[in-house]
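Comments concern the structure below.
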Amino acid sequence: MTTSPASGPNTDAQEEIARLRVEIEQHNYRYYVEDAPVISDAEYDALMRRLMALEQAHPELVTPESPTQRVGATPLAAFGAVTHAVPMLSLGNAFDEDEVRAFDKRVTDTLRAAGLLGPAAQADYFCELKLDGLAISLRYENGKLVQAATRGDGQTGEDVTANIRTIRSIPLQLKAGAPEVLEVRGEVLMNRRDFERLNEAQAARGDKVFVNPRNAAAGSLRQLDPRITAQRPLRFFAYGWGEVHGLAGRQSGLFDEPAPGKREVSTLPREAHSAMLAWLGELGLPINTQHNHKAKGADGLLAFYERVAGLRPVLPYDIDGVVYKVDSLPAQKVLGFVARAPRFALAHKYPAEEATTTLLDIEVQVGRTGAITPVARLQPVFVGGVTVTNATLHNEDEVRRKDVRIGDTVIVRRAGDVIPEVVGPVLAKRPADAREFRMVTACPVCGSAIERPEGEAVARCTGGLFCAAQRKQSLLHAAGRKALDIEGLGEKLVDQLVDRDRVKSLADIYSLTAEELAGYERMGAKSAENLVRAIDKARTPTLGRLLFALGIRHVGESTARDVARHFGSLEAIMNATEAQLLEVTDVGPAVAASIHRFFAEQHNRDIVHALEEQGVRPSAEAGARTGALTGKTFVLTGTLPNWTRDDATRHILAAGGKVSGSVSKKTAYVVAGEEAGSKLAKAQELGVPVLDEDGLKQLLGVDE
Ligand code: IVH
C-alpha cells in the first residue's frame, strides 16, 4: 500500500485507492479462501471498476500490488529458472499402521535421547491434509510478492510469478508485520467442482479436457499466457516456509540463534510449526485451519488418518494422504533430515483413487429399466483399495466423449464407495489396432429393438419384462433391502429362476416352496427354508416398500413412502390421476406422469392383482400426514447409545418426518451418534443443526 502524503492534489484519490485495494483483497480472501463471500459478484465488480477508473485517472498511483494488476497482458516466451534459496524437499511415505508407529517410535526415541521429551511423554504432532496439487514457493520481500516458482527438481524450479499473481487467494501484499524475506511453501490446487465446470467449458469449446483436478491445476499454471491462467479457478494453501529472515529490520534465520547481544525477535514464532502457520495466516496467507489438527503419539496420528478418510469424499478437493509433522521447531531441528526428506515429517497415504490398466473389451449390460450401459472389461487393477475388473462407461456418448477404444491403456478411478469409472485413455500409449466401440442395435439378451429417444443419452431395450435381463434386475430390485427385503434371493438364484422360466413376475416369487428351492444350485434345505420364511414375511411390507419394489421409473424409496402415505392404499394409487398424484408433497410432473403411465399398462395392473392373490397385504405406511415433523428430513449417522437406526427411523416416520441418506441444505436435522463420519462433517459445513439421541427424543416428545 502506498503511504499518503499529508496533503496534495491526489490525497483523496490516493486514500480511496488504498481503501478499495484493502477491501477488494478482503473480499478475495472471503470468496477464495473462506468460501463465504459477503457481497454479490456485481458488488465486487463495481468495486473493481471504481478502482480501475481511479487508477486510470491517476496512473502514477498504480503499483504492482494493486488487485487490478494481477493479470499481466503479455504472454511469456518461456519460463525462467529459479534456484530455491532453501531446497524444496519431499516427504517419506507410510502406507500402513506399522509404518506410522515406526515413525513415531523413531521420533520419540530421538527426542527422549536429546532430552526434549520426558520418558513417559508422547510427541506432539501437527497433522495436515496432503493436498493433491502442485508444490509452489512464493517469495515475499518486505511484504510484496516478488517471485513464485514450481518445485522442479527441488533445487531449481520454473518461474511462474505472472501466473501465480492471478490466483486471487494469494496476497500480492502481506499484512503488516512481514519480514524482509519470507518464502512461503504451499500447494496450488483446483476444487473438484471447479474442475468439472472447467472441463464442461473446455469440451463445449472443443478444447482438451483434463483427466483430474491436479492435472488441470498443473496445466493451468504452466500456461505461458497469464490471461489464460487468470480464467482458471486455482486455489492455494500454505503449509510451510523456506527462507525467512529480517523481521522488524533485523537479520535472523528461522533456526538461528539471535546474534550475541541482540534481543530475540519477538514476533517470529520460533517454537512450533503450528504457531508459525498461524503467523502466516495472520499475514494474510490461506491456511487450511479447518482441517489442520494437533495430535499426540501414534494413536493420535492414526485417529486423524481415519477421521480424514471419512471426510475425503466430501472434501471439495482431492487429497492423497495426510501429513504428520513434529510440531516443536527445536525438536524438528534435532531430528534433521535424511537424504531429501525431513525425519520430523511423514506422509501417510490413502489408497490411490486412480490407476492405469488395459481396456480389454467394452460390453453392454441391460439394466432394470432396459437401460443399455457400456461396461469396460479391464485387466484387473488395484485401485481405491480393491481390485477392479469392470468399470462403467455410463452411455454411448460418454464413450465417444472420452474417446476410449478397446485396447487402450486407460485411467480407472474409484473414489470412496463410488462405483469405478473409466476416466479416459492414455493417448500416448494407444496401440495402432485400438478398436472403436459400436453400440448394439438389438438387445444382446432378448433381441428386442434398442431405442434411443431424441435428446436422451440412454439407449434402452424395448423388451420390457419380456427381456430376461430386465426381469432379473427388476426381481433383484424388488428383493432389495430397501424394498421387500427378501434375504437370500440373490443374483445366482434369480438367474436360475428366470432362465428356467419359473418366475415371470414378482408375484411368482410368492409361490416358491422350500422343496422346489432345495433343488436349485447352491441351495441347501436349510437356506431354502430360510428363504421361504423371508418371502412369507414379505407378504406384509409397508405400502411404501411395496410401491418402491414395483420399480416404477423416477420413484425412489422416499417418493414411494410419500405417495403411500398420501393415498393409503395401492388401489387408490393405481386409480389416481396425474393431477391427484401431483398433490403429493415433493412429487413433480415427471414422477406423476411415470406413476400414471405405469399403472395404465394392463400387465402392471395384472402383477398387482397377482400379488394380491398370493396374499400380499401391504400395511399402512407409518407416519401421519400431519405429524409434528411433517416435511422435515432427517439424516442419521453413527451409532446412537440406545436406539438402533431402525428405531430412530420408525419414530421419525411415525411423526411425519422423512429419513434420507444424504445431507443437503434441505436437511432439517442430522442425528449423530458415536463415530459419525462424513455426514456430520457435511452438516457442519452446511450449517444443518445436529442432534444427539436425547435431542431427537425431545423433538419427538418420546421418553423411551
Ligand atoms: S510438507 C519438507 N505439507 O507433498 C516437507 N507437503 O512429498 C515439505 N504436500 O511436494 C512438504 N500437502 O507438494 C507438506 N500439508 C502438506 C502437503 C504437502 C501436499 C505435497 C507437497 C510436496 C509433497 C511431499
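Along the sequence shown, residues are numbered consecutively beginning with 1. Just follow the structure's listing: the first ligand is 1, and inside any ligand the first atom is 1. If you're wondering where the values come from, they're calculated on a predicted model, not measured in any experiment.
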According to side-chain contact (heavy atoms from CB on, under 4.5 Å), who are the partners of Glu354, at least two apart in sequence or on a separate chain?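 Partners of Glu354 by the side-chain contact (heavy atoms from CB on, under 4.5 Å) criterion, ordered by chain and then number, come out as Asn212, Ile411, Arg413, Val423.
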Minimal non-hydrogen separation, [X] against [Y], with atom names:
X      : Y      : result
Ala176 : Leu283 : O-CD2, 3.8 Å
Val100 : Ala94  : CG2-CB, 4.1 Å
Phe103 : Arg343 : CE1-O, 3.5 Å

Less than 3.5 Å apart, any donor N or O on the side chain of Asn199 or Gln202 sitting next to an acceptor on the other?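 Absent: no donor and acceptor within the cut-off.
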Would you mind listing which atoms of ligand 1 come within a distance below 4.0 Å of any non-hydrogen atom of [X]?
X      : result
Ala135 : 10 (O), 13 (O)
Pro342 : 2 (C)
Leu129 : 12 (N), 15 (N), 16 (C), 17 (C)
Glu128 : 3 (N), 15 (N), 16 (C)

Once you restrict to heavy atoms under 4.0 Å, what part of Leu91 touches ligand 1? Side chain, backbone, both or neither.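 It is both backbone and side chain that touch ligand 1.
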I need the nearest protein heavy-atom contact for [atom]: residue, atom name and distance, please.
atom                    : result
atom 20 (C) of ligand 1 : Glu187 OE1, 3.6 Å
atom 1 (S) of ligand 1  : Lys325 NZ, 3.4 Å
atom 8 (C) of ligand 1  : Leu89 O, 4.1 Å
atom 4 (O) of ligand 1  : Lys130 NZ, 3.1 Å
atom 12 (N) of ligand 1 : Leu131 N, 3.1 Å

Centroid-to-centroid, Phe337 to Phe344, below 6.0 Å?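 Yes, they do, as the ring centres are separated by less than 6.0 Å.
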Relative to the ring of Tyr305, is the ring of His348 parallel (under 30°), tilted (30 to 60°) or perpendicular (over 60°)?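 Ring orientation, 0 to 90° scale: parallel.
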Could you give the side-chain donor-acceptor pairs of residues 81-90 under 3.5 Å, partners two or more places apart or in another chain?
{"from": "His84", "atom 1": "NE2", "to": "Thr150", "atom 2": "O", "distance (Å)": "3.1"}
{"from": "His84", "atom 1": "NE2", "to": "Arg151", "atom 2": "O", "distance (Å)": "3.2"}

From Phe337, Tyr239, Trp241 - option closest to atom 21 (C) of ligand 1 by heavy atom: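 Selected option, by shortest heavy-atom distance: Tyr239.
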